[in-house]
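Reviewing the structure listed below.
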Protein chains: 2
Amino acid sequence: MSNTLMNFQDLNFLLYDILDVEKLTAYSRFNDHSRETFDATIETAYSIARDWFAPCAAKLDEHEPQFIDGKVDIIPEVSAALEQYYEAGFGSATHDYELGGMQLPFTVSVACKAIFGAANMPILSYPSLTNANANVIRNFGSEQQKQRYLAPMLEGRFMGTMALTEPQAGSSLSDIKTTALPADDGTYRLSGNKIFISGGDHELSENIIHLVLARIQGAPEGVKGLSLFIVPKILVNEDGSLGERNDVNLAGLIHKMGWRGTTSTMLNFGEKEGAVGYLVGEPNRGLLYMFQMMNEARIGVGVGAVSQGYTSYLHALDYARNRPQGRHPHEKDPTTAQLPITAHSDIKRMLLAAKSYVEGSLCLSLYGATLADTHAHGSDPVEAKRAGSLLDILTPILKSWPSKYCLEANAIAIQVHGGYGYTREYPVERFYRDNRLNPIHEGTEGIQALDLLGRKVSMQNGLPYKLLSDEIQNTVAACKSIPQLAEFADALGKSKALLDTTTQTLVAAMRDSQANLALTNATLYLHAFGHVVVAWLWLRQAHVALSGNQESTGHERRLFLKGKLSACRYFYRYELPQIDATCNLLQSMDESCFELDPDWL
Amino acid sequence: MSNTLMNFQDLNFLLYDILDVEKLTAYSRFNDHSRETFDATIETAYSIARDWFAPCAAKLDEHEPQFIDGKVDIIPEVSAALEQYYEAGFGSATHDYELGGMQLPFTVSVACKAIFGAANMPILSYPSLTNANANVIRNFGSEQQKQRYLAPMLEGRFMGTMALTEPQAGSSLSDIKTTALPADDGTYRLSGNKIFISGGDHELSENIIHLVLARIQGAPEGVKGLSLFIVPKILVNEDGSLGERNDVNLAGLIHKMGWRGTTSTMLNFGEKEGAVGYLVGEPNRGLLYMFQMMNEARIGVGVGAVSQGYTSYLHALDYARNRPQGRHPHEKDPTTAQLPITAHSDIKRMLLAAKSYVEGSLCLSLYGATLADTHAHGSDPVEAKRAGSLLDILTPILKSWPSKYCLEANAIAIQVHGGYGYTREYPVERFYRDNRLNPIHEGTEGIQALDLLGRKVSMQNGLPYKLLSDEIQNTVAACKSIPQLAEFADALGKSKALLDTTTQTLVAAMRDSQANLALTNATLYLHAFGHVVVAWLWLRQAHVALSGNQESTGHERRLFLKGKLSACRYFYRYELPQIDATCNLLQSMDESCFELDPDWL
């Protein structure tokens with residue numbers, strides 16, 4: 001079995017040839033780093049993922065966590081894997097030196113995450129959530145809160161959750177009902193029910209720190225009355241030792257189609273005297289704080305989707321190369337040897353499609369991560385702000401495009417395996433089940449679409465859109481006079497122009513108080529937008545691949561670069577043209593769905 | 001909970017208003033039937049499905065069959081449900097009166113199958129396979145074989161399998177290795193290994209009759225040397241009593257992502273002295289006989305896919321009507337009540353898409369079934385032959401289109417449920433897992449595509465294509481001057497013309513010895529072809545819906561007919577235009593996949 005977690009030739013190509021991640025080392029935060037430290041970190045991630053995460057993935061899926069005697073029982077391999085993960089420093093990799101971190105660029109951590117996720121996404125979700133949670137406390141918590149919670153969270157002694165959803169408040173956070181009563185000592189007593197809380201209970205850490213959205217008694221209705229609270233499972237004393245059990249109780253585990261190794265919980269806060277909670281930052285600004293965690297989580301969902309799609313593709317490729325079946329349509333002689341199925345055009349088409357999705361998605365995720373790094377730590381404030389704007393508009397794409405198309409790659413991987421792919425003897429069906437969560441959690445696809453069309457494309461008078469547009473145009477300009485790329489540059493230019501006019505039509509309609517109609521097909525807009533962005537990233541890849549594809553290049557590298565050019569061509573001929581019909585529909589302001597009376601269904 | 005197995009208003013509309021199934025009663029075979037007998041049969045199917053099939057579906061999924069002490073253990077509810085099924089006569093419904101059957105039209109049995117399948121597809125697969133197997137024996141078996149096996153199979157005392165696939169021979173049947181040695185008594189001794197044999201072992205019946213493709217010693221290589229054998233699990237004595245155990249052994253159960261209630265087995269034939277097999281028909285004609293079973297099975301796969309998609313859609317609709325969440329984008333007041341999610345355009349869009357897929361697929365399946373009935377029993381030989389030709393060309397569509405798009409409806413149903421849809425508390429994730437098999441078994445999507453483009457469109461000098469084309473043109477002609485339908489008639493005419501030129505280009509290329517290149521994108525051709533066919537059926541539905549949508553029509557019926565018009569509009573505006581890009585690509589004879597060297601991946 002070849003390495004099915006990551007194609008390092010691709011990863012290095014994306015990190016260094018396309019995205020020039022080494023440039024990040026010029027930022028003061030990353031001054032101590034170099035390509036060598038990046039590579040060493042990624043290699044360590046790979047060896048832990050291979051040796052500790054991957055081997056128990058199927059077992060964890062078959063033996064999902066159980067609620068036994070008031071505790072959550074998880075197979076022991078999970079703790080062992082997490083121990084390796086934390087010992088190697090991945091729990092605090094991106095954090096400050098003084099917190100014990102490595103000050104690793106987020107981009108490099110995303111590369112590691114793609115590898116860990118490919119090996120075992122459910123395990124990775126525990127430290128990922130913990131890290132996102134810790135970032136909120138670091139940014140918005142008081143000094144005392146930071147001191148009390150950060151270090152144990154980064155070491156993995158404490159883990160974290162984000163507790164937003166309630167039975168009646170999923171996509172509609174304004175309907176959150178959990179309430180917080182002020183206590184005499186400046187703390188609060190929370191009561192309410194939360195649902196779908198990932199990592200909400202387990203014995204993998206000494207303590208669990210819930211970040212809970214709740215409403216202080218008397219606060220305004222809606223999202224403007226939401227505050228954020230730290231609610232530990234076990235109260236932490238001033239000296240950092242563990243105190244009493246807080247009034248947070250596991251009401252039950254939720255059993256899912258996939259992603260089974262991550263506990264999904266229903267939690268009851270305040271069944272007795274109220275759960276002790278500590279306000280983060282100011283009252284009624286909870287959603288703002290939580291959105292930082294959410295945005296990080298959304299990029300993380302995208303990376304997770306990439307990891308599932310990517311490993312699926314590698315498994316399918318490995319299987320296809322080794323599975324003999326059939327002969328070419330014109331070959332009638334049954335005594336000849338069967339061909340490996342990679343010889344069949346339909347299999348090649350499926351593999352190319354999957355490659356274009358997963359490598360395009362990985363490029364997208366890593367690109368988004370470089371924006372986050374530059375936004376947070378860039379030495380040039382103008383460039384930093386620009387990166388922030390690009391990240392703003394791309395966040396819904398970073399979350400949704402891989403969630404949709406890497407899931408498609410999962411489906412393809414099953415199809416390439418034929419009947420075997422449908423069995424639990426092969427892992428591709430598990431990746432398919434696991435990845436189906438990604439279009440749902442951390443804001444459904446529909447919510448991402450509303451965020452993009454209803455907010456992001458017109459924010460700052462359209463500046464982020466304009467910046468992205470310029471980036472795309474730069475690539476078009478750079479490639480249009482290169483014979484082998486002119487076709488693609490032309491197509492990208494036209495598709496971008498079509499997206500522009502579509503965007504203008506929709507934004508104008510929203511201003512003309514046709515907002516609800518204009519937003520009706522927001523999800524289709526999201527798809528078309530994503531296709532243009534990924535097409536752009538493919539052209540960037542082809543551009544570099546072409547210039548590197550010289551006779552002097554090593555054999556294996558030349559094959560790899562030809563693959564990049566093939567995948568780019570596939571994307572431009574098979575995928576990008578699909579947006580024409582979508583954009584035509586969007587521009588027509590079609591009312592079919594908007595005016596539908598549900599009683600007609 | 002409303003009825004989530006079938007929308008009877010829709011079923012009746014399709015059977016009687018669109019397809020005029022009552023006309024079948026004019027055929028002598030169905031003379032005793034009437035709409036009343038059809039309806040009564042369907043009602044019985046519904047009550048058994050609701051009371052016996054549906055209640056154990058989740059349990060059967062959670063408790064898949066186990067191989068214990070040499071036997072296959074299945075939860076007892078399965079036997080109980082099958083007892084009801086056979087007692088009500090569904091095991092022999094379409095068979096001759098003298099065999100104890102009802103001589104029910106296949107079309108009506110397909111309607112019943114859609115209902116049983118919605119309730120519990122894994123249970124239904126046992127009698128479905130048995131019936132398909134019995135049909136082969138009835139058509140090609142000797143008198144003695146018919147006498148010995150048919151009656152117990154139709155009563156459910158014996159069940160049947162189709163044993164084609166071997167580890168090295170899946171899509172490539174020419175590589176089947178199982179061998180048959182002639183014995184002195186005219187029987188054969190078979191040895192070989194079969195895999196993925198559904199229903200290959202269980203205790204649900206007294207005996208299991210395997211129909212096995214094998215090669216008589218010395219037979220030609222390839223498919224021309226395949227013969228078909230009856231191989232009972234337990235030998236049957238002349239008087240019909242059970243004799244000795246045959247040399248057929250269960251090597252293991254295969255564990256699948258879904259469809260868990262149907263055993264999928266590895267069977268070893270002839271581990272000892274060779275399994276006793278009885279030749280069906282003539283030597284070396286096995287594939288021909290098996291293809292009758294296969295064609296029936298392919299229509300059956302389509303219906304199964306419909307059933308999974310259809311019930312998913314009904315579940316999603318039911319959930320969406322009852323789930324309050326959020327408010328319209330313009331509504332900022334959080335104190336107002338949340339709306340049912342059917343009020344949100346994105347949800348309406350998803351539901352309309354699913355409706356257009358599942359109701360379009362049901363119409364397609366039932367239409368295909370009427371062709372089968374007319375082909376087999378039509379009183380007018382010309383019409384019967386015509387129906388056979390249409391069925392020939394449509395079989396790959398009947399199998400593949402519902403398998404792809406009803407699975408899409410399953411994905412939509414999960415998305416409409418949000419996080420709940422991803423849990424095993426709701427059935428939609430199970431339907432999604434179950435339905436994922438359908439693009440794989442009984443000829444993968446790629447195999448269907450090769451069958452359509454490589455064989456069906458050019459067979460009989462293109463006559464079947466021409467007949468289908470005429471049917472579509474008739475509908476275009478009938479609708480083009482109706483103001484409300486002119487847009488769709490025009491679009492259908494244009495799409496059909498585009499499909500025509502695409503077909504001509506590809507067929508011409510195949511004749512010019514570019515067959516392998518022309519077949520490269522056969523799967524995309526299959527998708528485009530299917531979309532044109534389903535668009536045609538939607539226009540037929542809209543045509544009838546429009547003429548029935550009078551003021552005098554009852555309120556509920558008027559709502560239903562508006563829904564039909566809405567779904568048709570959705571399909572024409574959102575779905576059909578997608579084939580433009582596909583057909584452009586096909587006509588360009590794109591070589592991206594064809595010329596790809598797998599080493600570049």
Side-chain angles (χ1 to χ4, degrees), chain A residues 170-172 174-175 196 221-222 254-257 317 325-326 328-330 334-335 338 342 345-346 348-349 351-352 355 415 418-419 422-424 429 436-437 439-440 444 446 454 515-516 519-520 523 559 562-563 566 569-570 573-574 577-578 580-581 585 590 592-594 596 598-601, chain B residues 170-172 174-175 196 221-222 254-257 317 325-326 328-330 334-335 338 342 345-346 348-349 351-352 355 415 418-419 422-424 429 436-437 439-440 444 446 454 515-516 519-520 523 559 562-563 566 569-570 573-574 577-578 580-581 585 590 592-594 596 598-601:
Chain A
S171 294
S172 182
S174 66
D175 292 278
F196 296 138
E221 297 283 344
I254 297 161
H255 302 287
K256 308 183 294 301
M257 170 165 64
L317 189 56
Q325 191 70 188
H328 286 305
H330 69 260
T335 63
Q338 296 196 76
T342 46
S345 290
D346 195 50
K348 291 198 282 187
R349 181 188 60 78
L351 291 171
L352 256 186
K355 180 183 173 81
Q415 197 69 18
Y422 193 67
T423 73
R424 306 205 303 271
E429 66 86 25
R436 184 61 189 85
L437 179 60
I440 300 172
T444 63
N516 289 348
L519 290 169
T520 287
T523 300
L559 295 178
K562 280 188 177 176
S566 298
R569 184 163 80 161
Y570 172 87
R573 296 204 181 156
Y574 288 66
Q578 293 170 9
D580 291 2
L585 176 74
D590 183 75
S592 307
C593 301
F594 180 70
L596 179 83
D599 286 342
W600 302 346
L601 291 169
Chain B
S171 293
S172 181
S174 66
D175 292 278
F196 296 137
E221 298 281 346
I254 297 162
H255 301 288
K256 307 183 297 299
M257 171 164 64
L317 189 55
Q325 192 70 190
H328 287 305
H330 68 259
T335 63
Q338 296 195 77
T342 47
S345 290
D346 195 49
K348 292 198 281 188
R349 181 187 59 79
L351 291 172
L352 255 186
K355 180 184 174 80
Q415 198 68 18
Y422 192 68
T423 72
R424 309 206 300 272
E429 66 87 24
R436 184 62 189 81
L437 179 60
I440 299 172
T444 63
N516 288 348
L519 289 170
T520 286
T523 300
L559 295 178
K562 280 188 177 177
S566 298
R569 183 162 81 160
Y570 172 87
R573 296 204 180 157
Y574 288 66
Q578 293 170 9
D580 292 2
L585 176 73
D590 183 75
S592 308
C593 301
F594 180 69
L596 179 83
D599 286 343
W600 303 345
L601 292 170

Between [X] and chain A, which part of the residue has a heavy atom less than 4.5 Å away: side chain, backbone, both or neither?
X        : value
B/Lys562 : both
B/Ile254 : side chain
B/Asp346 : both
B/Leu596 : both
B/Leu601 : both

**Q.** Heavy-atom side-chain proximity of A/Ser345 to B/Asn516 below 4.5 angstrom
**A.** no
Side chain, backbone, both or neither: which part of [X] has an atom under 4.5 Å from a heavy atom of chain B?
X        : result
A/Gln415 : both
A/Phe196 : side chain
A/Leu437 : both

Under a 4.5 Å heavy-atom cutoff, which of [options] has the most pairs with chain A?
options                                : result
B/Arg349, B/Lys355, B/Gln325           : B/Gln325
B/Gly326, B/Ser174, B/Pro439           : B/Pro439
B/Leu519, B/Asp599, B/Asp175           : B/Asp175
B/Gly419, B/Gly446, B/Pro577           : B/Gly419
B/Arg569, B/Lys348, B/Arg424, B/Glu429 : B/Arg424

Q: Can you measure from OH (A/Tyr570) to CG (B/Asp590) and round to the nearest 0.5 angstrom?
A: 10.0 Å
Under a 4.5 Å heavy-atom cutoff, which of [options] has the most pairs with chain B?
options                                : value
A/Met257, A/His328, A/Gln338, A/Gln578 : A/Met257
A/Ser592, A/Pro329, A/Pro334, A/Gly222 : A/Ser592
A/Thr444, A/Thr520, A/Thr335           : A/Thr520

Q | For the student: nearest non-hydrogen atoms of B/Leu352 and A/Cys593, plus distance | A | CD1-SG, 4.1 Å
